Asks: 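Below is one structure. I have some questions about it.
Model, not experiment: these values are computed from the prediction.
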Amino acid sequence: MSFEFQSQPPEDYAELIAEHQLLTHWLALHHRRGVADDLHGRMIDRENRTVVYCIGGIGMGNGRRFALVQQRGIIIFNAMESLTSERERAMRLSSVEVPEAFDTRRDVFRTLIVEACKCYYDWVDKDWPCSPIVQFEFDSHPWRIVPTRYSRLYWLEQAKKLKVAAKPKWLAVWRSLVSPLASTVALAFLAALSLAQVRIPLPAVVLAACWFWWRLSRYDDDLLLGPWLVGKTKLKNPMSVHKTMLRLLEPRSLNAFKVVLIRPGASRPDCFTLKVLNTSWYPAFHFSISAKEVADLVAPGFSDALRAANKGTANQDALHAVFSDLQRRWLLPRQAIEWHVKAQAEFPLEKAKLEVVALLAISRHVSGEPKHGSQSFRLPVEVADR
């Protein structure tokens with residue numbers, strides 16, 4: 001397969017006319033995706049009956065968007081020019097939108113995309129001489145399947161869109177049903193029935209009273225009372241959100257949770273066991289430890305090595321490929337949970353950290369915080385052997 005560049009007015013094209021008309025029609029329907037008036041240059045591969053057009057630029061002039069047309073199908077992809085660590089030109093290919101019918105031929109189209117880009121940039125560099133492109137590489141997840149209309153994948157995507165659109169509405173309805181006003185009405189209704197000498201099961205009264213007390217105890221002085229009563233959140237001063245953000249960056253000590261790091265033993269020679277115990281008499285609504293904190297706890301120096309290999313910036317993808325966030329939805333009073341974390345032989349644990357930063361939401365009677373919601377805390381860590 002080989003591409004050659006054609007540069008002439010579109011009305012003078014004498015081959016692959018159907019493909020050209022297909023792209024023109026597509027650009028007319030999706031005018032924001034590309035420029036239909038700039039199709040006087042294209043790359044053609046007669047052997048595979050494939051034609052590729054540059055339909056626009058992206059970024060700050062270092063990228064291009066292309067359309068590959070073959071067999072009544074259009075593949076859209078982006079090419080962004082960058083420099084390697086050796087200061088050589090490289091081309092990164094991303095955002096490949098492939099029709100569902102073409103999905104089984106990704107390897108073929110991968111080759112066609114690279115060959116078309118080589119042809120295009122060879123033609124561009126002819127007028128502006130510069131160093132050649134040394135490599136073409138795809139992003140880790142560049143492909144996006146465009147479903148055929150009314151196919152199974154098409155209806156699945158439509159269902160996902162409807163679910164995403166309906167979720168905020170359902171959440172608003174749910175917040176109204178469990179709002180403080182609803183709890184007050186429920187308790188008042190049961191009280192009225194009691195006054196009317198209607199027999200009511202005691203658990204129902206206790207449940208309504210606990211619900212009423214819990215909802216009232218969740219009130220925050222920064223919230224407007226009226227919207228809060230009906231389950232909405234509106235701040236009296238929108239600038240108070242910055243105080244919440246600053247608080248997340250300044251974790252405070254909390255001794256209501258006990259963290260025990262158990263070293264690998266005979267039963268699990270390659271895993272640490274991280275045990276967390278809620279020593280309070282209040283439930284935690286949310287508990288999580290970030291992947292970076294886990295790495296710093298069991299493999300000191302691992303995060304620094306990733307940062308050094310990535311020119312001083314954090315490589316979150318490489319970090320999460322080895323370690324994951326440890327999360328728990330509910331942690332009941334006196335309940336203990338365990339996670340197993342794989343040990344890294346290149347980064348042995350010689351001296352463990354005395355504290356670990358965790359994000360958790362628990363009653364203000366335990367945390368001493370003026371606000372509800374998740375906050376960051378420093379939890380003491382104890383190291384033990386199996």
Asks: Between Asp45 and Glu47 (side chain of the first, backbone of the second, donor and acceptor by atom type, cut-off under 3.5 Å), is there such a pair?
Replies: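 Pair found, side chain donor or acceptor close to backbone of Glu47.
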
Asks: Does Trp214, at its CH2 atom, have more than 12 non-hydrogen atoms belonging to other residues, nucleotides or ligands within less than 6.0 Å?
Replies: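 Correct, the count exceeds 12.
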
Asks: I need the minimum non-hydrogen distance between Arg378 and Pro251, along with the two atoms involved.
Replies: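 Taking every non-hydrogen atom into account, NH1-O, 2.5 Å.
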
Asks: Are Phe77 and Ile133 in one and the same hydrophobic cluster, where Ile, Leu, Val, Met, Phe, Trp and Tyr link if side-chain heavy atoms are under 4.5 Å apart?
Replies: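 Looking at the clustering, Ile133 is in the same group as Phe77.
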
Asks: Just by distance, with hydrogens left out, do Ser288 and Asp325 show a side-chain donor and acceptor under 3.5 Å apart?
Replies: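 Absent: no donor and acceptor within the cut-off.
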
Asks: Taking the side chain as everything from C-beta on, heavy atoms only, tell me whether Val260 gets closer than 4.5 Å to Leu277.
Replies: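 With C-beta onward as the side chain, the pair stays apart.
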
Asks: Using 0.5 Å steps for rounding, measure from the OG1 atom of Thr148 to the OH atom of Tyr154.
Replies: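 Rounded to the nearest 0.5 Å, the OG1-OH separation comes out at 11.5 Å.
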
Asks: If you take all heavy atoms of Ser367 and Phe377, which pair is closest and at what distance?
Replies: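 Minimum heavy-atom separation between Ser367 and Phe377: CB-CZ, 3.7 Å.
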
Asks: Establish whether Val96 and Val108 are linked, either directly or via other cluster members, by ILVMFWY side-chain heavy-atom contacts under 4.5 Å.
Replies: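 The answer is yes; both residues are in one hydrophobic cluster.
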
Asks: Are side-chain heavy atoms of Pro180 and Trp228 found at a separation under 4.5 Å?
Replies: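 Yes, side chains in contact.
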
Asks: Heavy-atom distance under 4.5 Å between the side chains of Met91 and Lys118, does that happen here?
Replies: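 A side-chain contact under 4.5 Å is absent here.
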
Asks: With side chains defined as the heavy atoms from C-beta onward, is the minimum distance between Phe323 and Val298 less than 4.5 Å?
Replies: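 Yes, at least one pair of side-chain atoms sits under 4.5 Å.
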
Asks: Begin with the C-alpha distance, continue with both residues' side-chain angles, and end with the deciding distance and a verdict on salt bridge (charged side-chain N to carboxylate O under 4.0 Å, His left out) for Lys292 and Asp296.
Replies: CA-CA 6 Å; Lys292 182 182 181 303; Asp296 293 342; 2.8 Å; yes

Asks: Walk me through whether Ser183 and Leu187 qualify under side-chain contact (heavy atoms from CB on, under 4.5 Å).
Replies: CA-CA 6 Å; Ser183 66; Leu187 185 61; over 6 Å; no

Asks: Can you tell me how far CZ of Phe136 sits from CZ of Arg89, rounded to the nearest 0.5 angstrom?
Replies: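 That separation rounds to 8.5 Å.
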
Asks: Is there a side-chain contact between Pro283 and Pro333, using heavy atoms and a 4.5 Å cut-off?
Replies: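 Yes, side chains in contact.
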
Asks: Would you confirm whether Arg263, through its side chain, and Asp385, through its main-chain N or O, come within 3.5 Å as a donor-acceptor pair?
Replies: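 Such a contact is absent between Arg263 side chain and Asp385 backbone.
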
Asks: Output the distance between atom CZ (Arg144) and atom CD1 (Ile75), rounded to the nearest 0.5 Å.
Replies: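 Reported value, rounded in 0.5 Å steps: 12.5 Å.
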
Asks: Determine whether more than 12 heavy atoms belonging to other residues, nucleotides or ligands lie under 6.0 Å from atom NE2 of His25.
Replies: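 No, the 6.0 Å shell around NE2 holds no more than 12 heavy atoms from other groups.
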
Asks: Specify the closest pair of heavy atoms between Leu248 and Ser376, including all atoms of both residues, with the distance to one decimal.
Replies: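 Looks like O-OG, 2.8 Å.
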
Asks: Would you call the rings of Trp143 and Phe138 parallel, tilted or perpendicular if under 30° counts as parallel and over 60° as perpendicular?
Replies: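 Correct class here is parallel.
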
Asks: For the backbone of Phe257 and the side chain of Asn278, can you confirm whether one donor and one acceptor N or O come within less than 3.5 Å of each other?
Replies: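 It does not hold such a pair.
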
Asks: Any chance you could measure Met43, atom CE, to Leu112, atom CG, to the nearest 0.5 Å?
Replies: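 That separation rounds to 11.5 Å.
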
Asks: Honestly curious: do Phe272 and Ile337 fall in one hydrophobic cluster under the side-chain, below-4.5 Å linking rule?
Replies: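 Yes, because Phe272 and Ile337 connect within a single hydrophobic cluster, where side-chain heavy atoms sit under 4.5 Å apart.
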
Asks: Side chains of Thr279 and Arg334: closer than 4.5 Å at any heavy-atom pair?
Replies: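 A side-chain contact under 4.5 Å exists here.
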
Asks: Would you please test Glu97 and Arg33 for side-chain contact (heavy atoms from CB on, under 4.5 Å) and show each step?
Replies: CA-CA 12 Å; Glu97 300 180 10; Arg33 303 294 303 277; 2.7 Å; yes

Asks: Looking at Phe102, is Arg72 sitting on its ring face, NZ or CZ under 6.0 Å from the six-membered ring centre and within 45 degrees of the normal?
Replies: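 Verdict for Phe102: no cation-pi partner in Arg72.
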
Asks: Is it the case that more than 12 heavy atoms not belonging to Leu195 sit under 6.0 Å from its CG atom?
Replies: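 Enclosed: over 12 neighbouring heavy atoms sit under 6.0 Å from CG of Leu195.
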
Asks: With hydrophobic residues grouped by side-chain heavy-atom distances under 4.5 Å, do Phe109 and Val146 end up in a single group?
Replies: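 Looking at the clustering, Val146 is in a separate group from Phe109.
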
Asks: For Pro264 versus Pro269, what's the shortest heavy-atom pair and its separation?
Replies: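 Pro264 and Pro269 have their closest heavy atoms at CB-O, 3.3 Å.
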
Asks: Apply side-chain contact (heavy atoms from CB on, under 4.5 Å) to Thr50 and Leu68, showing your working.
Replies: CA-CA 7 Å; Thr50 303; Leu68 185 151; 3.7 Å; yes

Asks: Using only heavy-atom distances, determine whether the side chains of Glu100 and Ser151 contain a donor-acceptor pair under 3.5 Å.
Replies: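 Looking only at side-chain atoms, Ser151 and Glu100 do form a donor-acceptor pair, the distance falling under 3.5 Å.
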
Asks: Charged N to carboxylate O under 4.0 angstrom, Arg364 versus Glu369?
Replies: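 Salt bridge flag = no for Glu369 with Arg364.
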
Asks: Scan Tyr53, Phe66, Phe3 and name whichever one has a ring-ring contact (aromatic ring centres under 6.0 Å, His included) with Tyr120.
Replies: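 The passing option is Phe66.
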
Asks: Please report the interatomic distance CG(Leu223) to CG(Leu235), rounded to the nearest 0.5 Å.
Replies: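 Atom-to-atom, Leu223:CG and Leu235:CG are 6.0 Å apart.
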
Asks: Let me see the working for Leu274 and Leu297 under side-chain contact (heavy atoms from CB on, under 4.5 Å), right down to the final yes or no.
Replies: CA-CA 10 Å; Leu274 189 65; Leu297 184 63; 3.7 Å; yes

Asks: CZ of Arg42 to CG of Leu16: how many Å apart, nearest 0.5 Å?
Replies: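 CG of Leu16 is found 5.5 Å from CZ of Arg42.
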
Asks: Taking all heavy atoms of Phe212 and all of Thr184, pick out the closest pair and write down the distance.
Replies: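 The pair with the smallest heavy-atom distance is CE1-OG1, 3.4 Å.
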
Asks: Are any side-chain N or O atoms of Lys342 and backbone N or O atoms of Val322, one a donor and one an acceptor, separated by less than 3.5 Å?
Replies: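 Judged by distance alone, no pair lies under 3.5 Å.
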
Asks: Does atom NZ of Lys258 have more than 12 heavy-atom neighbours, drawn from other residues, nucleotides or ligands, at distances under 6.0 Å?
Replies: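 For Lys258, atom NZ is not crowded (no more than 12 foreign heavy atoms under 6.0 Å).
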
Asks: For the residue pair Leu349 and Leu261, establish whether any side-chain heavy-atom pair is separated by less than 4.5 Å.
Replies: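 Sidechains of Leu261 and Leu349: in contact.
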
Asks: Return the minimal non-hydrogen interatomic distance between Ile289 and Ala358, and the atom names on each side.
Replies: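 Smallest heavy-atom distance, with atoms named: CG1-CB, 4.0 Å.
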
Asks: If you count every heavy atom of other residues, nucleotides or ligands that lies below 6.0 Å from Lys232 atom NZ, does the total exceed 12?
Replies: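 No, not enclosed.
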
Asks: What do you reckon, is CZ of Phe189 surrounded by more than 12 foreign heavy atoms closer than 6.0 Å?
Replies: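 Check fails, neighbour count at 12 or below.
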
Asks: Following the transitive rule for hydrophobic clusters with a side-chain heavy-atom cut-off under 4.5 Å over Ile, Leu, Val, Met, Phe, Trp and Tyr, establish whether Trp26 and Val69 coincide in one cluster.
Replies: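 As far as the 4.5 Å side-chain criterion goes, Val69 and Trp26 are connected within one cluster.
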
Asks: Could you tell me if the side chain of Gln375 sits less than 4.5 Å from the side chain of Arg252, heavy atoms only?
Replies: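 A side-chain contact is absent here, since even the closest heavy-atom pair is not under 4.5 Å.
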
